[in-house]
Protein chains: 2
Amino acid sequence: MMRQTPAESPTFSPLYRQIKELILQALENGEWRPGEAIPSETELAQRFNVSQGTVRKAIDEMAAENLLVRKQGKGTFVASHNDPRAFFRFLRLVPLSGGIEPAKSVPLECWRAKAGPEAARILNLKLGEPIIIVRRLLEFAEKPVVVDEIYLPGETFAGLSLEVLKEHQGSLYSLFETRFGVRMIRAEERLRAVAADRTSAELLHVPEGSPLLSVERVSFTYGDRPVEWRRGLYSTAAHCYYNELS
Amino acid sequence: MMRQTPAESPTFSPLYRQIKELILQALENGEWRPGEAIPSETELAQRFNVSQGTVRKAIDEMAAENLLVRKQGKGTFVASHNDPRAFFRFLRLVPLSGGIEPAKSVPLECWRAKAGPEAARILNLKLGEPIIIVRRLLEFAEKPVVVDEIYLPGETFAGLSLEVLKEHQGSLYSLFETRFGVRMIRAEERLRAVAADRTSAELLHVPEGSPLLSVERVSFTYGDRPVEWRRGLYSTAAHCYYNELS
DNA sequence: TATCTTATATCTTGTATAAGACATAAGACA
DNA sequence: TGTCTTATGTCTTATACAAGATATAAGATA
């Protein structure tokens with residue numbers, strides 16, 4: 001196929017990686033929706049005119065990156081934030097006591113604004129382009145634990161409103177996925193410790209000035225395009241941010 | 001080889017995973033030291049009487065878990081904390097400004113004690129067994145950023161002293177590895193925001209009561225055996241804890 | 001006849017092996 | 001000293017077969 005020898009081209013990449021790129025492109029073009037099954041390895045092999053094992057290695061990598069989910073005997077599926085198992089994929093907060101508590105998102109406000117210099121830089125927009133700002137509370141076991149302020153590019157999330165947010169059940173990312181066709185692939189988080197301001201303190205039921213965990217997150221969709229910037233203040237009185245290193 | 005059919009045994013595992021287990025065992029037994037090359041895939045295939053591809057798949061998984069490092073054309077090597085590239089593997093702190101700053105560990109104290117209930121539980125020791133406690137400062141660009149209190153099982157780290165700590169260049173884990181033969185494989189971290197106590201505030205040059213990032217870490221060696229419990233207080237005035245989600 | 005069970009065919013992904021390509025380093029040789 | 005060959009690693013691709021899932025048809029049973 002389009003295989004290029006290293007001698008001829010400095011941008012050589014192995015066959016399976018070229019196939020991966022093609023599958024990624026099809027995914028990006030929405031050829032298969034989240035939750036749906038993609039064609040079988042044999043079918044893809046025929047389509048791209050390579051052997052099944054080569055397709056397999058491409059899919060292997062994409063499964064390791066949480067883009068696809070394999071199910072033996074059933075097929076390979078496009079990963080989805082609607083899957084309940086994906087709920088805690090981007091949420092590292094766990095109760096100090098150990099167990100698992102039900103989480104609930106409570107939207108507070110939703111308004112439109114123009115991108116300032118910081119939002120424009122982070123979201124890769126021009127200065128003054130429309131953005132949407134959402135404030136919401138995250139409750140664990142009926143108690144407020146996180147207050148989030150979320151900045152979204154207005155164009156891709158046109159139609160988002162407080163009502164839409166309130167109607168939706170499940171995670172924000174599942175809403176973004178089903179309603180706006182925006183799939184969050186990966187995110188970068190930066191954590192700091194800060195003192196609670198007045199309003200946050202009231203919302204989280206903690207004294208003003210008490211230490212809070214500040215979590216800034218930039219989320220990316222296909223092609224490393226940033227589509228969300230959020231800042232959360234976590235009350236770590238009864239919960240902590242859990243991370244595994246390896 | 002020792003392959004068992006699913007019908008005969010409920011604990012069936014594929015061949016490549018059995019090979020992985022054997023390699024892991026050899027690693028644990030110190031057959032090859034950190035930094036050294038393990039035998040080639042072909043050699044291992046002969047030794048275990050399987051094909052090279054099967055060994056490859058086993059090594060693939062171990063490389064993904066940071067236990068081994070592959071180098072095309074050279075060989076496969078036992079991962080080591082002496083490798084300068086591994087310095088930031090367990091340290092997620094980065095300057096807010098962006099760039100990379102040189103880090104330096106400054107040992108403060110090192111004393112012996114007996115395991116209390118918490119240390120005993122976390123380090124899997126009996127109550128009253130000997131432990132070693134280390135206090136140290138971590139400096140970035142000559143400025144104190146982290147103060148750590150580290151709890152170690154006394155038996156495995158017998159001989160550790162302030163002098164030994166001061167002599168050593170490089171990360172703590174590289175010291176543990178070369179001097180005590182203890183390789184840290186993975187770690188769990190729990191982050192919270194707390195107020196600075198008097199002594200920590202002085203050490204970090206911040207006002208007492210100002211918010212600090214508390215990072216509790218339990219590190220594990222082979223066989224998920226816990227061998228370190230540390231609590232760090234991070235000043236996030238000029239740095240932040242960086243984490244990537246996917 | 002209606003229904004439940006059990007083969008069976010045929011999809012899927014998972015596992016094992018082999019052969020050749022590519023990368024690297026060391027020694028032969030001009 | 002510099003270039004070429006060769007040995008020895010890993011990397012890539014291909015092929016064959018095993019195992020899991022599912023729908024359908026055949027058979028047993030009421």
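Note that these values count all heavy atoms, side chains included, but never hydrogens, waters or copies made by symmetry. All chains are named by letter (A, B, ...) in the order of the sequence lines, taking the proteins before the strands, and each is independently numbered beginning at 1.
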Please check if atom CZ in B:Arg225 has more than 12 non-hydrogen atoms from other residues, nucleotides or ligands closer than 6.0 Å. no
note: A:Arg56, atom CZ; D:dA18, atom C1'; distance rounded to Å ~ 12 Å
Quick one: A:Leu68 CG to C:dT12 P, roughly how many Å, whole number? 16 Å
Taken to the nearest whole Å, CD/A:Glu41 to P/C:dC11 is 16 Å
Paired stretches of DNA chain C - 3 or more consecutive Watson-Crick or G-U pairs, each distance under 3.5 Å: C:1-30 with D:1-30
Per A:Gln72 side chain, nearest of listed nucleotides C:dA18, D:dA19, D:dA16: D:dA19
To the nearest Å, give me how far apart CD (A:Glu43) and P (C:dC11) are. 10 Å
Comparing B:Thr42 and A:Gly73 on DNA chain D - which has the more 5′ nearest nucleotide: B:Thr42
Would you indicate what A:Ser40 reaches in the nucleic acid, counting non-hydrogen atoms under 4.0 angstrom: base, sugar-phosphate, or nothing? sugar-phosphate
What is the separation between atom OH on A:Tyr16 and atom P on D:dT15, rounded to the nearest whole Å? 19 Å
Salt-bridge contact A:Arg47-A:Glu31 (side-chain N to carboxylate O under 4.0 Å): yes
How long is the line joining NZ of B:Lys20 and P of C:dT15, in whole Å? 12 Å
Does B:Glu244, at its CD atom, have more than 12 non-hydrogen atoms belonging to other residues, nucleotides or ligands within less than 6.0 Å? yes
Grab the CZ-P distance between B:Arg70 and D:dT10 for me, whole Å please. 7 Å
N/O (side chain, B:Lys74) to phosphate O (OP1/OP2, C:dA25) under 4.0 Å: yes
In terms of side-chain geometry, is the basic nitrogen of A:Arg231 or A:Glu189 positioned less than 4.0 Å from the acidic oxygen of its partner? no
Which pair of non-hydrogen atoms, one from A:Ala79 and one from A:Pro34, has the smallest distance, and what is that distance? O-CB, 3.8 Å
Any salt bridge between B:Glu61 and B:Arg17, counting N to O under 4.0 Å? yes
Do you know the tightest heavy-atom contact between A:Phe88 and A:Leu93? CE2-O, 4.3 Å
For D:dT10, does OP1 or OP2 lie under 4.0 Å from any side-chain N or O of B:Thr76? yes
Categorize B:Gly53 for me: base, sugar-phosphate, or nothing, with a 4.0 angstrom heavy-atom threshold over every strand shown. base
Could you state the CZ-C1' distance from B:Phe77 to C:dT24, rounded to the nearest angstrom? 11 Å
